[in-house]
Amino acid sequence: MIYHSTRQKDGGVNAREALLKGLCDDGGLFVSDEVDTRPLLPADLVRLDYRTIAFEVFSRLLDDFTADELKAGIEAAYGNTFASPAVTPVTRLGDNWLLELYHGPTSAFKDVALCMLPQFMSAALKGKKERVMIVIATSGDTGKAALNGFKDVPGVGITVFYPYEKVSDIQYLQMATQEGKNVNVAAVEGNFDDVQSAVKRLFASDFAKETAANGVKLSSANSINIGRLVPQVVYYFDAYRQLMANGTIKAGDSVDFTVPTGNFGDVLAGYYAKKMGLPVGRFVVASNANNVLTDFLTTGVYDRNRPFIKTITPSMDILISSNLERMLYDMANGDTDLIARLMTDLKEKGVFKVEGEMLDKIRAVFTCGFADDAETRISIRDAWKTDNRLIDPHTAVARKVALEKQREGVPMVVLATASTYKFCKDVYEAIAETERDRHDWDGFRYMDELVKLTGEPAPAALATLRQKPLLHQSVVTVDGMTAVVKNAAQREF
Ligand SMILES: *Cc1c(COP(=O)(O)O)cnc(C)c1O
């Protein structure tokens with residue numbers, strides 16, 4: 001299977017190389033024209049479980065990994081790391097279904113991919129002399145999931161930067177208490193955009209070239225890497241299997257999915273599942289007040305020239321949805337020149353436009369909607385009061401949009417992307433009897449109060465954070481980031 005850039009077909013590589021490189025040299029994303037060549041049929045899912053579906057999906061999309069490598073990797077990633085034996089169980093949410101993606105070690109859906117990516121990377125590095133230093137800018141969730149996934153992986157180091165005092169109390173403690181001899185964490189003075197821009201500059205710097213010459217290649221683990229995308233395809237198939245098993249559908253029936261969306265990685269993985277044969281009717285793209293995707297899917301105009309709004313769903317506070325480029329490539333029938341043009345427009349003017357047949361094609365598969373913070377709080381409270389379900393703000397955005405878009409006779413699956421207990425304060429305030437009950441509590445107090453209010457226990461890994469020693473407390477300036485990576489690269493890993 002060949003992976004090439006969304007912006008040109010020359011220079012294709014195999015999956016191993018695409019995974020180690022992350023991003024194409026021309027700035028495009030790796031795509032393959034062979035995603036639909038070996039379908040995985042609904043009727044064949046019946047006798048499988050999460051891990052065997054993972055094997056079927058990986059061996060189709062990453063066909064240059066050996067069966068042994070995939071099986072060992074799947075065992076290490078999902079064998080006993082998830083708090084639910086089903087890995088990603090499907091449960092009821094009112095008249096709809098909830099796909100619970102938050103039972104991983106850091107209580108975010110990003111665990112599903114970031115438990116597996118290090119396994120792929122180790123296999124791809126085997127027999128090579130080079131080592132890899134993963135460098136990540138995080139607004140909160142990705143950092144901890146990546147630290148957990150890459151800790152003590154031989155030949156791979158990891159350095160995480162987050163904006164100083166701009167992550168939640170719990171997210172800070174999750175990162176600051178991370179153990180492992182190859183992990184490095186630093187807060188940076190600035191906001192997330194400052195940190196992310198600095199990391200991008202670092203990848204393109206002379207320092208990156210020097211380090212590579214010394215045998216340590218800088219790499220990224222964000223959601224544009226195919227090694228993050230492919231593991232997410234699995235749970236769409238497994239959700240469908242669970243709905244067959246509980247008698248909701250028969251093989252071949254249509255199902256709709258609503259996905260709380262930021263970088264478009266999660267919903268794109270669902271689209272790849274559909275291309276591989278999963279009978280999905282529509283994907284509902286749910287956004288927060290940064291509703292650039294709602295506008296795009298409604299009008300065909302993608303316009304990032306708008307104020308950036310800080311919301312209670314920070315993982316969806318995004319104005320450039322990177323993975324959209326892969327969907328556009330597909331909907332343009334592989335017209336790389338068109339994609340290169342659209343992406344140049346986006347870079348230079350902040351706007352691009354899609355129209356005619358291509359827009360019709362996109363809108364036949366992807367529909368959309370959004371919830372602002374007030375609507376998100378109402379959705380959290382309604383889920384608790386009406387559906388008896390405790391959901392996090394990101395999931396609440398999806399729930400609200402799903403209710404607008406559900407169709408008679410078509411089961412709707414809502415993706416639940418984080419544990420409520422990563423966002424204790426906002427959830428507590430949304431469902432507390434004394435409305436908008438504001439206190440000056442710390443993260444653990446909100447956690448305790450939320451447990452008291454709802455009777456639902458917090459995940460052990462979050463509840464026990466308060467007993468853990470703080471191991472990473474350095475704060476650096478943007479200019480100091482290179483030195484952090486330099487020191488990290490010189491350590492043993
Ligand atoms: C990352 C994240 C999302 C958005 O997923 P994308 O793949 O970026 O669209 C939604 N919810 C939570 C909790 C997340 O951490």
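For ligands, and for the atoms within them, numbers begin at 1 and follow the listed sequence.
Note on Lys422 versus Asp392: no salt bridge recorded, every NZ/NE/NH1/NH2 to OD/OE distance being 4.0 Å or above.
Distance alone, capped at 3.5 Å, is enough to place a donor-acceptor pair between the Asp256 side chain and the Arg282 backbone. A donor-acceptor distance shorter than 3.5 angstrom exists from the side chain of His394 to the backbone of Ser315, with no hydrogens or angles considered. Judged by distance alone, the side chain of Asn323 and the main-chain N or O of Ser223 form a donor-acceptor pair under 3.5 Å.
Phe296 has its ring centre less than 6.0 Å from the ring centre of Phe352.
Defined by atom type and a distance below 3.5 Å, a donor-acceptor pair is missing between the side-chain atoms of Asp111 and Asn148.
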Put together the list of close N/O pairs, under 3.5 Å, between ligand 1 and the protein, could you?
residue  : atom   : partner : partner atom : Å
ligand 1 : 7 (O)  : Gly265  : N            : 3.3
ligand 1 : 7 (O)  : Asp266  : N            : 2.9
ligand 1 : 8 (O)  : Asn263  : N            : 2.7
ligand 1 : 9 (O)  : Gly262  : N            : 2.8
ligand 1 : 9 (O)  : Asn263  : N            : 3.2
ligand 1 : 9 (O)  : Phe264  : N            : 3.1
ligand 1 : 11 (N) : Thr417  : OG1          : 2.9
ligand 1 : 15 (O) : Lys110  : NZ           : 2.5
ligand 1 : 15 (O) : Asp141  : OD2          : 3.0
ligand 1 : 15 (O) : Ser315  : OG           : 3.3

